[in-house]
Number of protein chains: 2
Amino acid sequence: MCIHCDYRQLLKDGGVSPTLNRLRVLEIIGSNNFPLPAADIHETLDRSAPINRVTVYRILDLLVEKQIVARIATGGRAAYYGMAPNAQHQAHPHFYCTQCGRMDCLTPETVDIDFHAFENTFPGRIDKVEMRLDGICRNCLKKKT
Amino acid sequence: MCIHCDYRQLLKDGGVSPTLNRLRVLEIIGSNNFPLPAADIHETLDRSAPINRVTVYRILDLLVEKQIVARIATGGRAAYYGMAPNAQHQAHPHFYCTQCGRMDCLTPETVDIDFHAFENTFPGRIDKVEMRLDGICRNCLKKKT
DNA sequence: AGATCAATGCAACTTTATTGCATTTTACAA
DNA sequence: TTGTAAAATGCAATAAAGTTGCATTGATCT
Ligand SMILES: [Mn+2]
Ligand SMILES: [Mn+2]
Ligand SMILES: [Zn+2]
Ligand SMILES: [Zn+2]
């Protein structure tokens, strides 16, 4: 996703020791320009050098907790993972193709969200705002004829 | 949710025969002012008159397909179900408490979303837009102290 | 080196949802 | 009314995604 990202530094900043596996997981996520499900991340890593499925899940949990990685819900069953919003990467909506399961990042300006007033009166704590568009991607539309 | 809703009519309009179980499921969803997970819907129904878990899932699938009911994704594992947007009920964002799992409906004006321009240039088909705020609800904040 | 703690692997388990097939209920023509 | 087909429901098995417990390995610090 980003040539400016120093993954090792991101881990350090999050107070996470930069083990090889953590770096590998973060690099897969960071070098991809759309979010991926855990199974894809595991599969990719496992091909280059074997790594346990559970290890991937644990690393993902850790990176999400440390806000280095964002867990993104879909209309489907599996969560997707992308870089968390940070100085370089603004939060943005995603498009999820319910046919092929591919998720795309939309530019932050795609939608104009203003919930400032609300945020001040809401009686709970807001940690995260997620916006997702569901539909059929161009590719799947083509295939369908 | 709504005293204006004629559930039997909603089913008919969707081309779905109004069986007792379908009516029961729809009434639970419609009379609740926040979305519920399938397990809660089943549990409630099962207490009054036994109904199979799978039947509830199948009815939910059907009602979602017919756009009578909306399936709402959460940051958690289970989908939640509420009335689908229609003439009486505008689409709106939801707040999901990651602590207690309760989901609240927010008023449509909570956020000001404008993605009209985008919609016209996007090369895929958009079926649905979902917006969700995650955090800790007032109740859970109090308890935590 | 030895003690200690963190990270990883592996098997079993949990939660949520789906599938296959048998049974029951409904629709409705004869 | 009865017979028959189709639809709806129930039940058991299965699936997908994620989690937990515990053993093993690897790193860190005297
Ligand atoms: Mn993204
Ligand atoms: Mn709602
Ligand atoms: Zn697609
Ligand atoms: Zn709560």
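Being a predicted model, the structure only gives us computed values, none of them experimental. Naming: A, B, ... by sequence-line order, numbering from 1 per chain.
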Checklist line | Non-hydrogen side-chain atoms of B:Ile126 and B:Phe118 separated by less than 4.5 Å | finding: yes

Next item on the list: Remember a base hit wins even if backbone is also touched, and classify B:Ala79 as base, sugar-phosphate or nothing at under 4.0 Å, heavy atoms.
Entry: sugar-phosphate

Check: Is any side-chain N of the basic residue among B:Glu130 and B:Lys128 closer than 4.0 Å to the acidic one's carboxylate O?
Finding: yes

Check: When the distance from CG of A:Asp61 to P of D:dA17 is rounded to whole Å, what number comes out?
Finding: 16 Å

Next item on the list: Consider only side-chain N and O atoms of A:Thr19 and A:Arg24, and report whether a donor and an acceptor are under 3.5 Å apart.
Entry: no

Note to self: For a quick check, with a 4.0 angstrom heavy-atom cut-off, what is the B/S/- contact string for nucleotides 25-30 of chain D, read 5' to 3'?
What the structure shows: ------

Margin query: Expressed as a whole number of angstroms, how long is the span from B:Leu60:CG to D:dT9:P?
Written below: 12 Å

Margin query: Does anything in residues 14-27 of chain A come within less than 4.0 Å of DNA chain D? Heavy atoms only, and list the residues if so.
Written below: none

Checklist line | Side chain to side chain, B:Arg125 and A:Cys140, heavy atoms closer than 4.5 Å | finding: no

Next item on the list: Go through residues 50-59 of chain A and report each residue with a non-hydrogen atom lying under 4.0 Å from DNA chain D, sorted by number.
Entry: A:Arg53, A:Val54, A:Tyr57, A:Arg58

Checklist line | Axis-to-axis angle between the two ends of the helix from C:dA1-D:dT30 to C:dA30-D:dT1 (five base pairs per end, rounded to 10 degrees) | finding: 10°

Item checked: B:Arg102 to B:Phe34, cation-pi by 6.0 Å centre distance and 45° axis angle -> yes

Item checked: Of residues 64-78 of chain A, the positions that come close to DNA chain D - non-hydrogen atoms, cut-off under 4.0 Å -> A:Arg77, A:Ala78

Next item on the list: Grab the CD-P distance between A:Glu43 and D:dG18 for me, whole Å please.
Entry: 14 Å

Margin query: Less than 4.5 Å apart, side chain to side chain, heavy atoms only: is that true for A:Leu63 and A:Leu11?
Written below: yes

Item checked: Note: B:Arg71-B:Asp61 ion pair, threshold 4.0 Å (strictly below) -> yes

Next item on the list: Return each pair, listed once, that meets ring pair (Phe, Tyr, Trp, His ring centres under 6.0 Å) where at least one residue sits in residues 94-114 of chain B; pairs must be two or more places apart or across chains.
Entry: A:Phe122-B:Phe95, B:Tyr80-B:Tyr96, B:His92-B:His94

Next item on the list: Measure from CG on B:Leu11 to C1' on C:dT26 and round the result to the nearest Å.
Entry: 16 Å

